[in-house]
Amino acid sequence: MAEVVTRSWKDSYKGMSSDNIKGLILALSSSFFIGASFIVKKKGLKKAAASGLRAGSGGYSYLYEPLWWVGMITMIVGEIANFAAYAFAPAILVTPLGALSIIISAVLAHIILRERLHIFGILGCVLCVVGSTTIVLHAPQERAIDSVREVWDLATEPAFLLYAAVVIAAVIVLIFRYIPEYGQTHIMVYIGVCSLVGSLSVMSVKALGIALKLTFSGMNQLIYPQTWAFTMVVVTCILTQMNYLNKALDTFNTAVVSPIYYTMFTTLTILASVIMFKDWDRQNPTQIITELCGFVTILSGTFLLHKTKDMVDGSTRSSKHNEDDEESFGPEGIPLRCQESLRSP
């Protein structure tokens, strides 16, 4: 009986493919570099603020600080690794692992910046690790693709075209109808645009990454117009994302923006990947449910980390409200509250 159970378990779990392992290593490396970059850049911002006008007050002295540039280069390396990860592994594996950068940042801030990590923050880190491990162990195998034209065929199937049409229509309505009226008061408006556009961005990034991977392996994909079409979509989507994410961060509390954006962006990206690449068609219901449980676990850890940070910051600010106004700004000099509330008594 035991042999039958063991054999059935081995049949259901075939292990990770070499491509998934490469994508996993790249995604983990990306999280480490991006998480560390926030700490290095914050150290650079503090050092620059000591000798010039701080970034939060409109100063640019940090551009002359080598430490800040080290942090920026570290972040770029992390983003390149994240870009490459999508070329090897499905989005349902790569995207949720972005939460690990929050853990890296929290732990390094506790060690290097002496920022207190609450016991519930530690619990949030553990939840993120457990959720990430669950997803990694049950992620679908990467689909075998031999040409960027195959990705284009997937992107032009009726199901994904319908999804893309709904996303574009929703973004247009949000930008021209709701942002002028509710952008400064409703956080979901800006984040909605970022998350919807972001899901299309990741699909295009994955397509472009696959094209470059095949090109470097000897099968030139740059001769196909589809490669350049995906490139244009990537550029357009990323510029739109950056624009409205900056507006959200400039208007609302960072501790609120980050977990909500992560939740919406990751959820929509997984949905887009399931529709376009049919990730779940190659899995059984048990694996799918386990992945969803892992994703919910990561979300719980992410919210707990940010909520704990808010609690600690709140208690600190209440006793130090007359000290340097640095605590009113995030690591990039972005206000944690809207500018009007910072000026009000």
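In this chain, numbering begins with 1 at the start of the sequence shown.
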### Task
Indicate yes or no: at least one non-hydrogen side-chain atom of Phe160 is less than 4.5 angstrom from one of Leu154.
no

### Message
Is it the case that the side chain of Ser37 and the backbone of Ile34 share a donor-acceptor pair, with hydrogens and angles ignored and the cut-off at 3.5 Å?
### Response
yes

### Message
When you measure from the side chain of Glu150 to the backbone of Asp146, do you find a donor-acceptor pair of N or O atoms at a distance under 3.5 Å?
### Response
yes

### Query
Linking I/L/V/M/F/W/Y whenever any side-chain heavy atoms sit under 4.5 Å apart, do Val197 and Leu162 land together?
no

### Task
Following the transitive rule for hydrophobic clusters with a side-chain heavy-atom cut-off under 4.5 Å over Ile, Leu, Val, Met, Phe, Trp and Tyr, establish whether Phe303 and Phe252 coincide in one cluster.
no

### Task
Spell out, as yes or no, whether a donor-acceptor pair under 3.5 Å connects the side chain of Ser273 to the backbone of Ile270.
no

### Message
Less than 4.5 Å apart, side chain to side chain, heavy atoms only: is that true for Val193 and Lys247?
### Response
no

### Query
Do Glu291 and Trp280 have side-chain N/O donor and acceptor atoms under 3.5 Å apart?
yes

### Message
For a side-chain contact (heavy atoms from CB on, under 4.5 Å) check, start with the C-alpha distance between Phe88 and Asn20, then their side-chain angles and the critical distance, and finish with the verdict.
### Response
CA-CA 6 Å; Phe88 292 97; Asn20 272 25; over 6 Å; no

### Message
Would you compute the distance between atom OG of Ser201 and atom CE of Met242 and round it to the nearest 0.5 angstrom?
### Response
11.5 Å

### Query
Linking I/L/V/M/F/W/Y whenever their side-chain heavy atoms sit closer than 4.5 Å, directly or via other members, would Val202 and Val235 fall into one cluster?
no

### Query
Are more than 12 heavy atoms from other residues, nucleotides or ligands located less than 6.0 Å from atom CZ of Phe32?
no

### Message
Check Lys278 with Glu157, please: is the shortest side-chain N to carboxylate O separation under 4.0 Å?
### Response
yes

### Task
In sequence, state the C-alpha distance, the side-chain angles, and the governing distance for Ile25 and Lys22, and then conclude on side-chain contact (heavy atoms from CB on, under 4.5 Å).
CA-CA 5 Å; Ile25 293 173; Lys22 292 175 185 176; 5.9 Å; no

### Message
When you group the ILVMFWY residues by side-chain heavy-atom contacts below 4.5 Å and let the links chain together, are Val233 and Trp228 in the same group?
### Response
no

### Message
Any non-hydrogen side-chain atom of Gln226 less than 4.5 Å from a side-chain atom of Val151?
### Response
no

### Message
In this structure, would Val126 and Phe120 fall into the same cluster of hydrophobic residues linked by side-chain contacts under 4.5 Å?
### Response
no

### Query
So does Lys43 have more than 12 non-hydrogen atoms from other groups sitting under 6.0 Å from NZ?
no

#### Entry: Rounded distance (nearest 0.5 Å) linking atom CG of Leu271 with atom CD1 of Ile275
4.0 Å

#### Entry: Audit row: Met75, Phe38, side-chain contact (heavy atoms from CB on, under 4.5 Å) steps and yes/no
CA-CA 8 Å; Met75 174 172 278; Phe38 288 122; 3.5 Å; yes

### Ser300 and Val296, any side-chain heavy atoms less than 4.5 Å apart
yes

### Summary
In short, Ser30 meets Gly78 closest at the heavy-atom pair OG-O, 2.8 Å

### Message
Tell me whether His110 contacts the main-chain N or O of Ala106 through its side chain, where contact means a donor paired with an acceptor under 3.5 Å.
### Response
no

### Task
Please check if the side chain of Arg143 supplies one atom and the backbone of Asp279 the other of a donor-acceptor pair under 3.5 Å.
no

### Task
Give a yes or no on whether the backbone of Gly71 and the side-chain of Lys41 come within a donor-acceptor separation of less than 3.5 Å.
no

### Task
For the residue pair Ile175 and Tyr244, establish whether any side-chain heavy-atom pair is separated by less than 4.5 Å.
yes

### Task
Please work out whether the ring planes of Tyr261 and Phe265 are parallel, tilted or perpendicular, with thresholds of 30° and 60°.
parallel

### Any Thr302 side-chain heavy atom under 4.5 Å of Ile102 side chain
yes

### Query
Is Ser204 reaching over with its side chain to a backbone N or O of Leu200, donor-acceptor style, under 3.5 angstrom?
yes

### Task
Report yes or no: do Tyr224 and Ser147 form a side-chain donor-acceptor pair below 3.5 Å?
no

#### Entry: Donor-acceptor pair, side chain of Thr297 and main chain of Val130, under 3.5 angstrom
no

### Task
For Ile223 and Asn220, work out which heavy atoms get closest and say how close.
CG2-ND2, 3.4 Å

### Message
Checking Ser132 against Ile298 for the side-chain contact (heavy atoms from CB on, under 4.5 Å) test, could you report, in this order, the C-alpha distance in whole Å, the side-chain angles of both residues, the deciding distance, and whether it holds?
### Response
CA-CA 7 Å; Ser132 299; Ile298 293 176; 3.6 Å; yes

### Task
Report the relative orientation of the aromatic rings in Phe230 and Trp152; use parallel for angles under 30°, tilted for 30 to 60°, perpendicular for over 60°.
perpendicular

### Message
Between Ile119 and Leu123, is there a side-chain heavy-atom distance shorter than 4.5 Å?
### Response
no

### Task
Indicate yes or no for a side-chain donor-acceptor contact from Gln221 to the backbone of Thr215 under 3.5 Å, with no hydrogens or angles considered.
no

### Expected output: side-chain Gln283 to main-chain His138 donor-acceptor under 3.5 Å
yes

### Summary
Between Val234 and Val205 the two heavy atoms that sit nearest each other are CG2-N, 3.6 Å

#### Entry: Shortest non-hydrogen contact between Ala248 and Ile191, atoms and distance
CB-CG1, 4.5 Å

### Message
Would you say that Leu196 contacts Leu174 through its side chain, given a criterion of any heavy-atom pair below 4.5 Å between the two side chains?
### Response
yes

